[in-house]
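Ligands are counted one by one from 1 in listed order, and the atoms in each one are counted from 1 as well. Reckoned from all heavy atoms, side chains included, excluding hydrogens, waters and symmetry mates.
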Amino acid sequence: MSRFEDIYGTAPEAQASAPGRVNLLGEHTDYNDGFVLPIAIPQQTQAAMRRNGQTQFSLHAAELGQTVHFALAQPPAEHFASYVYGCLVLAAEGGTAIPPLDIHVASSVPIGVGLSSSAALEVATLRCLRQLLGLALDDVQIAQLAQRAEIEFAGVRCGIMDQMASSLAGADRALLLDTRSLARRFVALPPSSSVLVLDSGIARSLAGSGYNARRAECEQAARLLGVASLRDVPGVDALAALPEPLQRRARHVLTENARVLQAVDCCSDAAAFGALMNQSHASLRDDYEVSTAGLDSLVALLQAQPGVFGARLTGAGFGGACVALCQAGALPEVSRAVLAAYAAAGHSGCQLVPPAP
Ligand code: GLA
């Protein structure tokens, strides 16, 4: 894996990193002003920068072995570069002159599986820029700029969970976030439990998927109910007036918000926490319809395994990763047994968290 020095022949002036995240509960609630409960994962993205004294920016992505060149007035065509470009343009719009830079990014966050590789890239880029130029941005403002970069430059109308998690969460405790007020606090995992993340091996394309369509359905449901967002609906009884599928979509959002708050109340009880994860998966599968047959079978194998308190798809869905809460000591055997059974059923999965040594 290349370093900044290998590509540009000199040391960087600034370096920063940011983690990916796995969401434990609260899926598709953030763009409805609801509650989420992500935790950072050990894998990080690193950004390094140096003023290059030229007229163009150079951006090298170590994983791709690719360098692209662009100016602020001339966007790069490569999709991966649009996240970095978006951050630079938004920082410039904030009133700071951004000089042309040599930029190097490297990442161990798994890409395209629902662990927020794009948020990690955005937050690492903005942290590095803050350090290089002394930008007066706090960690919440970094998350907000990163979210705008994703919406305005990568075309995903995402909520703010991923960028807040990458900017503010740690890997030892979960981050309970109210995405409306941005009020937040850290929540310990149930005692003697560990987080396992397995990749289903099913490819997922967020922008090309139904993500934006689901968000539009939620907005339509809120409009029909006469509220600013689904957060403002008092209870599921109020949903009876909605046509399908809007009623099911809104029911998922309301019940999922309630599950996050319940989980935080019972976070000393791993079995109760796990049961809420199982309910979340059923709701994402049946009401929100963002699961797939492969994800359902991986989740079913996890849920049936001794030592697993609960399991669900994580992230936007349509493929990608599943998360399970396991008895800490049982984790290696859970992972081995479930991946073997998943392979026997003709699929190809792998363990993502904890990362392979
Ligand atoms: C993606 C988005 C988030 C969130 C999740 C679903 O990760 O970036 O904002 O909506 O999907 O919970």
Can a donor-acceptor pair be found between the side chains of S2 and H104 at a distance below 3.5 Å? yes
Could you tell me whether T29 and ligand 1 have an N or O pair separated by under 3.5 Å? no
Check whether any N or O atom of Y211, backbone or side chain, sits under 3.5 Å from an N or O atom of ligand 1, and answer yes or no. yes
Are the side chains of P99 and L133 in touch, meaning some heavy atoms are under 4.5 Å apart? yes
Taking the side chain as every heavy atom from C-beta outward, state whether F4 and R50 have any atom pair closer than 4.5 Å. yes
Candidate with minimal heavy-atom separation from atom 7 (O) of ligand 1, of T179, D162, L284: D162
Quick one: sort the H28 and Y211 rings into parallel, tilted or perpendicular, breaks at 30° and 60°. tilted
So the atoms of ligand 1 within less than 4.0 Å of a heavy atom of C158 turn out to be 2 (C), 8 (O), 9 (O)
Any N/O pair G159/ligand 1 closer than 3.5 Å: yes
Less than 3.5 Å between some nitrogen or oxygen of Y31 and one of ligand 1, yes or no? no
For ligand 1, is any non-hydrogen atom under 4.0 Å from R21's backbone (N, CA, C, O), its side chain (CB onward), both, or neither? side chain
Which ligand 1 atoms, with their elements, are less than 4.0 angstrom from a heavy-atom of M161? 4 (C), 5 (C), 12 (O)
Any chance the side chains of E256 and S283 put a donor and an acceptor closer than 3.5 Å? no
Ligand 1 to A316, heavy atom cutoff 4.0 Å, flagged ligand atoms 11 (O)
Using side chain to side chain donor-acceptor pair (under 3.5 Å) as the criterion, list what pairs up with R285, not counting sequence neighbours. none
Could you check whether any side-chain N or O of T179 sits under 3.5 Å from a backbone N or O of G34, counting only pairs where one atom can act as donor and the other as acceptor? yes
